[in-house]
Amino acid sequence: MAVKNRLHRSELAVPGSNKRMLEKAPHSGADIVFLDLEDAVAPDDKAQARANIIEALNTYDWSKCAVSIRMNGLDTHYAYRDLVDVVEACGDKLDTILIPKVGSAADVLFVATMLSQIEAYKGYKPINIHVLIETAMGMANVEEIARTCPERMEAMVFGVADYAASVRARTTQIGGANPEYGMLADADDHGSRAYHWGDQWHYAISRMVSACRAYGLRPIDGPFGDFGDPEGFKAAARRAAALGCEGKWAIHPSQVALANEVFTPTEKEVARARRILVEMEQAAKEGKGAVSLDGRLIDAASIRMAENVVKQIEQIESRSA
């Protein structure tokens, strides 16, 4: 069975049509690099982008990151050729296939069947699948999609731009806040009314996260379009992390370090997590189900949260070694 516990803090998008970016991608510091054949590549450049990706995968050292391709949508005639050409030529170099605009379980099963046939023919190990939830249909079927093909499915990504278009949301920016999405507070004693911005994508991300966690998948937040706004990116990433996501796309190399920073537990968080495990181990020896730490109750649920933090930092440290 393919690996499913890899880090996903940062997922860097690299256009298959840009040879210079392909050459730099393995050393970007991203946990995952996905080589894009879809939106970042013009129709006339699709065939050349495939050739570029095949050359890059077979030429460069990708040992410092996981690597994926984002194939074209299954509603296009490019999709089957993406799988056949790239996977046959270098499927042994690929960790995952990223399927865009997934609307139902059938989309996942089609790609999984194609992969199984190519793997059997070439003698490759299983390649995992990531899916983009970026349409109204995909969100309506997100639980069904999440439980499809458990032996291959690894992660779901929220594709905010196409999702906004699909549901006809009134926004023209990719990710981030929307000043139109807010509420007026009641008037104060002077008749003034505060305006509070909201998170337009809270429901969509939360629903995807729940589906992922229910079926053992990794939830990943999608792009933040303004790569000249690092603080805006980090704010969006922190919101995603608070909702349960464990990583975020980087559409520019400068966003990789920002994503890694946000999705890496802080020293304070790690220290507290380790203290919780020590205190609960002692409590278990004393026959207690819960104890107090720094004036707050900790119990079995605290152990699970602490274990998640410690496992993640150990994984990060082992990758950096």
Side-chain angles (χ1 to χ4, degrees), residues 1-8 11-17 19 21-23 25-28 30-38 40-41 46-74 76-102 105-132 145-157 215-218 220 247 315 318-319:
M1 185 173 290
V3 174
K4 292 194 176 183
N5 64 342
R6 69 183 108 246
L7 292 170
H8 288 262
E11 298 194 358
L12 176 63
V14 180
S17 53
K19 285 190 172 184
M21 291 184 69
L22 288 170
E23 182 179 0
H27 311 289
S28 65
D31 290 336
I32 294 180
V33 171
F34 72 89
L35 312 179
D36 196 6
L37 288 165
E38 196 212 14
V41 179
K46 300 288 188 184
Q48 184 59 53
R50 287 189 206 109
N52 294 345
I53 286 174
I54 291 169
E55 180 183 12
L57 287 172
N58 285 325
T59 301
Y60 305 132
D61 178 5
W62 298 91
S63 61
K64 294 182 179 179
C65 62
V67 65
S68 177
I69 61 165
R70 176 164 67 164
M71 61 185 291
N72 282 281
L74 299 180
T76 74
H77 65 274
Y78 305 112
Y80 83 98
R81 185 55 61 190
D82 291 342
L83 287 172
V84 173
D85 287 3
V86 179
V87 178
E88 279 198 357
C90 44
D92 57 335
K93 312 293 194 309
L94 288 170
D95 295 292
T96 73
I97 300 292
L98 176 60
I99 314 172
K101 300 179 179 65
V102 172
D107 295 341
V108 178
L109 293 173
F110 172 81
V111 174
T113 299
M114 290 280 288
L115 288 176
S116 294
Q117 293 177 355
I118 297 170
E119 289 160 357
Y121 171 61
K122 299 292 291 186
Y124 292 150
K125 293 180 180 179
I127 300 169
N128 278 5
I129 288 175
H130 288 194
V131 301
L132 265 163
I145 295 166
R147 61 175 175 263
T148 305
C149 202
E151 67 277 9
R152 286 192 191 271
M153 284 279 284
E154 180 176 331
M156 284 186 161
V157 182
Y215 296 101
L217 307 181
R218 306 299 182 90
I220 310 300
Q315 190 176 20
S318 65
R319 181 173 179 266

For [X] against [Y], the heavy-atom pair lying closest together:
X      : Y      : value
Leu7   : Gln315 : CD2-OE1, 3.4 Å
Ala25  : Val33  : O-CG2, 3.7 Å
Cys149 : Ala112 : SG-CB, 3.7 Å
Pro26  : Lys64  : O-CB, 3.9 Å
Tyr60  : Trp62  : O-CD1, 3.1 Å
Val41  : Gly16  : CG2-N, 4.0 Å

Residue pair Glu23, Thr59: steps toward the side-chain contact (heavy atoms from CB on, under 4.5 Å) verdict:
CA-CA 9 Å; Glu23 182 179 0; Thr59 301; over 6 Å; no
With a 4.5 Å cut-off on side-chain heavy atoms, are [Y] and [X] touching?
X      : Y      : value
Leu35  : Leu57  : yes
Tyr78  : Leu37  : no
Arg6   : Thr96  : yes
Met153 : Ile145 : yes
Leu22  : Glu55  : no
Leu74  : Val111 : yes

Atom [atom1] of [X] and atom [atom2] of [Y]: how far apart are they, to the nearest 0.5 Å?
X      : Y     : atom1 : atom2 : answer
Asp61  : Lys93 : CG    : NZ    : 11.0 Å
Leu83  : Met71 : CG    : CE    : 4.0 Å
His130 : His8  : NE2   : NE2   : 4.5 Å
Ile97  : Phe34 : CD1   : CZ    : 13.0 Å
Ile32  : Glu11 : CD1   : CD    : 4.0 Å
Asn58  : Ile53 : CG    : CD1   : 12.0 Å

Okay, side chain of Asp95, backbone of Val67: is any donor-acceptor separation there less than 3.5 Å?
yes
Taking Leu115 as the fixed residue, which of Val87, Asn128, Leu94 is the one that meets the side chain to side chain contact (heavy atoms under 4.5 Å, CB included) rule?
Val87
Which residue, Lys46, Arg81, Glu38, forms the side-chain hydrogen bond (donor to acceptor under 3.5 Å, both in side chains) with Asn72?
Lys46
Among pairs that include at least one residue of residues 118-127, which meet salt bridge (charged side-chain N to carboxylate O under 4.0 Å, His left out), considering only residues two or more places apart or in two chains?
Glu119-Arg152
Among pairs that include at least one residue of residues 106-118, which meet salt bridge (charged side-chain N to carboxylate O under 4.0 Å, His left out), considering only residues two or more places apart or in two chains?
none
Could you tell me which residues satisfy side chain to side chain donor-acceptor pair (under 3.5 Å) with Tyr121, sequence neighbours excluded, listed by chain and number?
none
